[in-house]
Amino acid sequence: MRVHLDRVQWSVSVPSPRNSTQRVLVTMAATIVIVVGLKYSVSVLLPVLVAVFLTVLTAPAVLWLERRRLPAWAAVVLVMVGLVAIVVLFGAVLSAAVRSFNDALPGYQRALTELVETASGWMAGLPIDLSQGTSVEAFDPNAVLKMLASLFGGVLAALKNAALVLIIVVFMLLEVAGFPRKFRAALADPKANLDRWSTAAALVQRYLVIKTATSVATGTLIALWLWWVGVDSPLLWGLVAFMLNYIPSVGSILAAVPALLVATVQPELSFGSVVLTAAGYIAVNVALGNILEPQLMGRRLGLSPLVVLLSLVFWGWVWGPFGMLLSVPLTMTVRIALEQREDTRWIAVLLAPPPPTTTAMG
């Protein structure tokens, strides 16, 4: 009898392979459905997502004003006035810079085409057979400028939905102070411990604040440097550096390419000016992106370089250029959420940078 009971207990404790396979298949099917839903609901989800990030950035100011005994509606109004002023200023500067860039774009394209043809003729005179290799003519630098114009078009189109985004932000900020009480009511536990969720929200908030501050500093320094060098549209390239700085490692390279191309084809600039342009990008990104930012964030708010690249590809495929800009904040948010649970913490560890090597003692 005892043997029989032991067998019964053993058979119950071991999961059925069939159930495990079904669970894996259901998980994969659910993942595919979610990804397809994200891809085809971009027009609805993107404004909401941008509003969530703006709410995370501005919520501390609203709570600070409320702690100074200011009514919630008055605190939200003050913060929204400042936010609207920033958005309007950003949109006006970007629109003027893009307009100037589009007017000069045909001239840049002609100069780049002539430069490529000159390089092709020079390469053809070398005693090297390039017929079997990659020809210089296969490189089209104009594609970079066209891609940049497409990115600007996407950002300006998103700014057209700014009114909807700001309305969503207003209602979210009005809910910020009372959200813990509402969450406890939903759990039917007035004394529920929300420390885990508060920690996750604080980490996401810290990441976005630090990233935004370093992005603003990067864009400002790049714009000032290019203005000093004499590159056309320094404000535009500063804005590009600001936006693409949300993409670690790859973003700084992408931001430098169009400015270097423009500096190369400007007739009044010498080769030394092009070198100075490249040196400015390298100095700013090394000082801020590789030294200051990692010290402010620490390893807990970092991502593996491979994860950064994969998230850039994935969110770019799902939501286009705007998805690329939001890829790292989105992945960082997922990683912080996974870190708060014991059963998913191992996934957060895999998404993080490798731990520092330690020398064995003894």
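Excluded from the calculations below are hydrogen atoms, water molecules and symmetry mates; all remaining heavy atoms, backbone and side chain alike, are included.
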**Request:** Side-chain contact test, heavy atoms from C-beta onward, threshold under 4.5 Å: evaluate it for Leu173 versus Met80 and give yes or no.
**Result:** yes
**Request:** Kindly compute the distance separating CD (Gln295) from CG (Leu292), expressed to the nearest 0.5 Å.
**Result:** 6.5 Å
**Fill in**
To the nearest 0.5 Å, atom CG of Leu63 lies from atom CG of Leu70 at 12.0 Å
**Prompt:** Are any of the side-chain heavy atoms of Leu235 and Trp227 separated by less than 4.5 Å?
**Reply:** no
**Prompt:** Linking I/L/V/M/F/W/Y whenever their side-chain heavy atoms sit closer than 4.5 Å, directly or via other members, would Leu236 and Val93 fall into one cluster?
**Reply:** yes
**Item:** Heavy-atom pair of closest approach, residues Ala259 and Val231
**Value:** O-CG1, 4.2 Å
**Message:** Treating Glu293 as the side-chain partner and Leu288 as the backbone partner, does any N or O pair qualify as donor plus acceptor under 3.5 Å?
**Reply:** no
**Prompt:** Is Val79 linked to Phe90 within one hydrophobic cluster, defined over Ile, Leu, Val, Met, Phe, Trp and Tyr using a side-chain heavy-atom separation of less than 4.5 Å?
**Reply:** yes
**Message:** Hydrophobic clustering (ILVMFWY, side-chain heavy atoms < 4.5 Å, transitive) - are Ile210 and Val334 grouped together?
**Reply:** yes
**Item:** Main-chain N/O of Ala256 paired to Trp237 side chain as donor or acceptor, under 3.5 Å
**Value:** no
**Prompt:** Between Ser327 and Tyr246, does any side-chain donor sit less than 3.5 Å from a side-chain acceptor?
**Reply:** no
**Asked** With the 4.5 Å side-chain cut-off for hydrophobic clustering, are Leu224 and Ile282 part of the same group?
**Response** no
**Asked** Are Val170 and Leu166 side-chain neighbours, meaning at least one heavy-atom pair lies under 4.5 Å?
**Response** no
**Request:** Among Leu226, Val216, Val284, find the residue that satisfies the side chain to side chain contact (heavy atoms under 4.5 Å, CB included) test when tested with Leu221.
**Result:** Val284
**Prompt:** Hey, are the side chains of Leu276 and Trp225 touching, using non-hydrogen atoms and a 4.5 Å cut-off?
**Reply:** yes
**Message:** With heavy-atom distances below 4.5 Å as the criterion, would you say the side chains of Leu330 and Trp319 are in contact?
**Reply:** yes
**Request:** Please name the pair of heavy atoms, one in Ala255 and one in Ala241, separated by the smallest distance, quoted to 0.1 Å.
**Result:** CB-CA, 4.0 Å
**Asked** Any side-chain heavy atom of Thr218 within less than 4.5 Å of one from Phe242?
**Response** no
**Asked** Is it true that a side-chain atom of Gln266 and a backbone atom of Asp232 form a donor plus acceptor pair closer than 3.5 Å?
**Response** yes
**Item:** Beyond-backbone contact of Lys211 with Asn245, side-chain heavy atoms, under 4.5 angstrom
**Value:** yes
**Residue pair Gln205 / Val56: nearest heavy atoms and the distance that separates them** = NE2-O, 3.1 Å
**Atom of Leu260, atom of Val274 and distance for their closest heavy-atom approach** = CD2-O, 3.8 Å
**Prompt:** To the nearest 0.5 Å, how far apart are CD1 in Ile291 and CG in Asn285?
**Reply:** 11.5 Å
**Prompt:** How long is the span from the OG1 atom in Thr55 to the CG atom in Leu208, to the nearest 0.5 Å?
**Reply:** 11.0 Å
**Request:** Please round to the nearest 0.5 Å and tell me the distance separating atom CG of Leu54 and atom OG1 of Thr212.
**Result:** 9.0 Å
**Taking every non-hydrogen atom, the tightest pair across Thr277 and Ala263** = OG1-CB, 4.0 Å
**Asked** Is there a chain of hydrophobic side chains (I, L, V, M, F, W, Y, each step under 4.5 Å between heavy atoms) that links Leu89 to Val84?
**Response** yes
**Asked** Should Thr331 and Arg335 count as side-chain neighbours, where that means a heavy-atom distance under 4.5 Å?
**Response** no
**Request:** Could you tell me which non-hydrogen atom of Ser273 sits nearest to which non-hydrogen atom of Val229, and how far apart they are?
**Result:** O-CG1, 3.7 Å
